[in-house]
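Reading through the structure tokens given below for one structure.
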Amino acid sequence: MSTTGTSSFVVVANRLPVDRVSTADGTTTWRRSPGGLVTALAPVMRAYDGAWVGWTGSPDDAPEPFSTDDMDLVPVPLSAEEIALYYEGFSNATLWPLYHDVIVQPEYHREWWDAYRAVNQRFARAAAEVAAENAVVFIQDYQLQLVPRLLRELRPDLKIGFFLHIPFPPTELFAQLPWRRQILEGLLGADLVGFQRAGAASNFESLAETFASARLVDESLVLDDGREVLARSFPISIQVEEVARLAADPEVQQRAATIREEVGSPRYILLGVDRLDYTKGIGHRLKAFGELLAEDAITPEEAVLVQVATPSRERVEAYQTLRDDVELAVGRINGDYGRIGHPAVHYLHSSYDRSELVSLLLAADVMVVTPLRDGMNLVAKEYVSARADLRGALVLSEFAGAADELGEGAFLVNPHDIDGMKRTMLTAMRLEPAEAEQRMKLLRDRVTSHDISRWATEILTALRAI
Ligand code: GDG
């Protein structure tokens with residue numbers, strides 16, 4: 001074993017937490033990406049001489065390690081072919097649909113798996129090189145499930161944590177995967193495997209017992225060599241402060257009022273904000289809204305739906321089909337019920353800056369979060385954080401991880417039950433202010449006391465305690 005690195009805390013993720021920006025004189029610099037994860041981990045990075053191992057986001061791009069914002073960044077190169085096979089293929093067309101209830105049929109291709117293995121090996125080597133002796137290494141998400149074991153083989157001295165941001169499926173679905181044993185053994189290389197929901201942790205425990213010769217003893221999985229692995233839920237959250245600050249900004253509030261006018265000053269604004277992904281239940285939401293209009297339960301003067309659908313994974317076929325389906329549905333609803341200057345659905349296929357997003361949250365009377373399956377869903381928590389005015393209602397799918405925490409104050413729905421969703425959307429629209437306030441207080445109590453810094457502290461404390 002050779003210990004070459006100096007970082008006592010190493011994050012390993014598919015992407016580095018920075019974006020390349022080109023300056024006018026042709027040079028490039030890096031800007032920290034806005035994600036909550038990097039913000040939550042930044043203090044830990046500073047305190048422990050931290051390093052972050054990940055891909056820059058561009059093919060064949062392998063700059064030397066560099067530092068920014070008190071973090072050492074260690075780029076892992078990916079070729080265009082590896083991006084197609086490991087990232088778009090195995091990660092986003094095999095694992096993503098398999099882990100989200102097979103909403104879309106997962107594809108199993110051996111050459112995708114080979115690329116996934118090779119890339120995971122490369123990430124593991126990069127982490128092994130940068131980690132100091134006995135360092136803590138924190139690996140993120142479904143693209144890197146083999147890294148815990150590969151890294152342990154290279155560096156048995158390390159303390160290894162893993163967090164899965166997406167759901168972990170039950171045996172009936174996971175068992176389809178031709179490489180199920182390898183994935184489980186990959187994850188079992190960690191000391192701590194974190195999930196969004198308790199149900200996901202127990203799915204993992206029973207799968208590890210069935211397919212990977214682990215035994216559940218008390219709270220831990222015990223492996224053949226006697227090593228113990230802890231699987232537990234750590235529901236992720238958001239930077240509450242960031243959203244609250246924007247929501248308190250008079251310009252953002254003014255913009256919310258302007259948005260209301262721009263969509264025709266209806267009585268009710270319903271809002272959806274999602275990556276354009278088939279897991280998010282956008283079609284089911286549109287169906288429910290369209291039927292309410294068709295049945296005259298609401299008129300387009302009374303209620304509009306604003307749907308932000310951020311472009312996502314546009315090179316993966318299922319996402320192209322989804323875009324067509326959603327846009328067809330929007331076009332039908334607007335064709336049937338819209339009038340000149342007054343569409344019923346305001347569909348926005350683009351991405352917005354944070355302040356515009358928060359203005360939308362403030363303008364929305366009903367936030368409609370109806371995924372068919374979602375690890376957590378941060379948008380639900382962002383809505384709650386924005387509503388210091390204690391107004392608005394949250395309609396939330398029971399299949400989002402957030403439902404475990406927000407079930408009391410939100411209106412929970414089964415997005416497959418279109419009639420149920422229609423009833424709930426109407427109830428949420430017509431909510432009395434006193435009840436809205438009561439519900440929003442419950443929601444805000446939970447979210448404000450459990451922000452992402454608390455998540456980071458809890459999972460890293462649990463890891464260090466092992
Ligand atoms: C995965 C899991 C889990 C969206 N549009 C814009 C924009 N956003 C921001 C939202 C939110 C984030 O992106 C999306 O987070 P979600 O949680 O809703 O969903 P995924 O992207 O699928 O995330 C999920 C999450 O990981 C964390 O563990 O919760 O279950 O699938 O913050 O506000 N941000 C900006 N412009 C946009 O147009 N700036």
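In this text the structure is predicted, and so the values were computed from the model without any measurement. Whatever order the structure lists them in is the order used to number ligands and atoms, beginning at 1. FYI, the numbering just counts along the sequence from 1. Because only heavy atoms are used, hydrogens play no part in the values below, and waters and symmetry mates are left out as well, while side chains stay in.
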May I ask you to establish whether [X] and [Y] are in a cation-pi arrangement, using a distance under 6.0 Å from NZ or CZ to the six-membered ring centre and at most 45° from the ring axis?
{"X": "Arg464", "Y": "Phe138", "value": "no"}
{"X": "Arg439", "Y": "Phe411", "value": "yes"}
{"X": "Arg117", "Y": "Trp112", "value": "no"}

Hey, is the main chain of [Y] close enough, under 3.5 Å, to the side chain of [X] for a donor-acceptor pair?
{"X": "His100", "Y": "Trp96", "value": "yes"}
{"X": "Asp274", "Y": "Ala309", "value": "no"}
{"X": "Gln253", "Y": "Ala247", "value": "yes"}

Return a yes/no value: protein heavy atom under 4.0 Å from [atom]?
{"atom": "atom 35 (C) of ligand 1", "value": "yes"}
{"atom": "atom 23 (O) of ligand 1", "value": "no"}
{"atom": "atom 14 (C) of ligand 1", "value": "no"}

For [atom], find the nearest protein heavy atom and state the residue, atom name and distance (0.1 Å precision).
{"atom": "atom 30 (O) of ligand 1", "answer": "Asp374 OD1, 2.5 Å"}
{"atom": "atom 4 (C) of ligand 1", "answer": "Thr310 OG1, 3.8 Å"}
{"atom": "atom 38 (O) of ligand 1", "answer": "Tyr352 N, 2.7 Å"}
{"atom": "atom 26 (O) of ligand 1", "answer": "His165 CB, 3.9 Å"}
{"atom": "atom 16 (P) of ligand 1", "answer": "Leu378 N, 3.7 Å"}
{"atom": "atom 10 (C) of ligand 1", "answer": "Glu382 OE1, 3.4 Å"}

Contact partition for Leu357 relative to ligand 1, non-hydrogen atoms under 4.0 Å | side chain

Return yes or no for this condition: an N or O of [X] is under 3.5 Å from an N or O of ligand 1.
{"X": "Met376", "result": "yes"}
{"X": "Ile236", "result": "no"}
{"X": "Arg354", "result": "yes"}
{"X": "His100", "result": "no"}

For [X], take its heavy atoms, then give the atoms of ligand 1 lying under 4.0 Å from any of them.
{"X": "Ser351", "result": "38 (O)"}
{"X": "Gln196", "result": "3 (C), 28 (O)"}
{"X": "Gly375", "result": "30 (O)"}
{"X": "Trp96", "result": "31 (O)"}
{"X": "Val379", "result": "10 (C), 18 (O)"}
{"X": "Arg275", "result": "20 (P), 21 (O), 22 (O)"}

Let me confirm one number: the [atom1]-[atom2] distance from [X] to [Y], rounded to the nearest 0.5 Å.
{"X": "Glu327", "Y": "Ile282", "atom1": "CD", "atom2": "CD1", "result": "10.5 Å"}
{"X": "Thr171", "Y": "Leu207", "atom1": "OG1", "atom2": "CG", "result": "4.0 Å"}
{"X": "Glu242", "Y": "Ser385", "atom1": "CD", "atom2": "OG", "result": "9.5 Å"}

For the pair Tyr99 and Phe168, evaluate ring-ring contact (aromatic ring centres under 6.0 Å, His included) and give the outcome as yes or no after the intermediate values.
-> CA-CA 6 Å; Tyr99 284 27; Phe168 197 76; 5.4 Å; yes

Could you establish whether Lys280 and ligand 1 come within less than 4.0 Å of each other, counting only heavy atoms on the residue side?
-> yes

Does even one non-hydrogen atom of Tyr383 get within less than 4.0 Å of ligand 1?
->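 No; Tyr383 lies far enough from ligand 1 that no heavy-atom distance drops under 4.0 Å.
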
Side chain to side chain donor-acceptor pair (under 3.5 Å) between Gln307 and Arg285, worked out | CA-CA 10 Å; Gln307 176 63 56; Arg285 191 179 308 160; 2.7 Å; yes

Flag the pair Lys422 and Asp417 as a salt bridge only when some basic side-chain nitrogen lies within less than 4.0 angstrom of an acidic carboxylate oxygen.
-> no

Between Phe66 and Trp30, what is the ring plane arrangement, given parallel below 30°, perpendicular above 60°, and tilted in between?
-> parallel

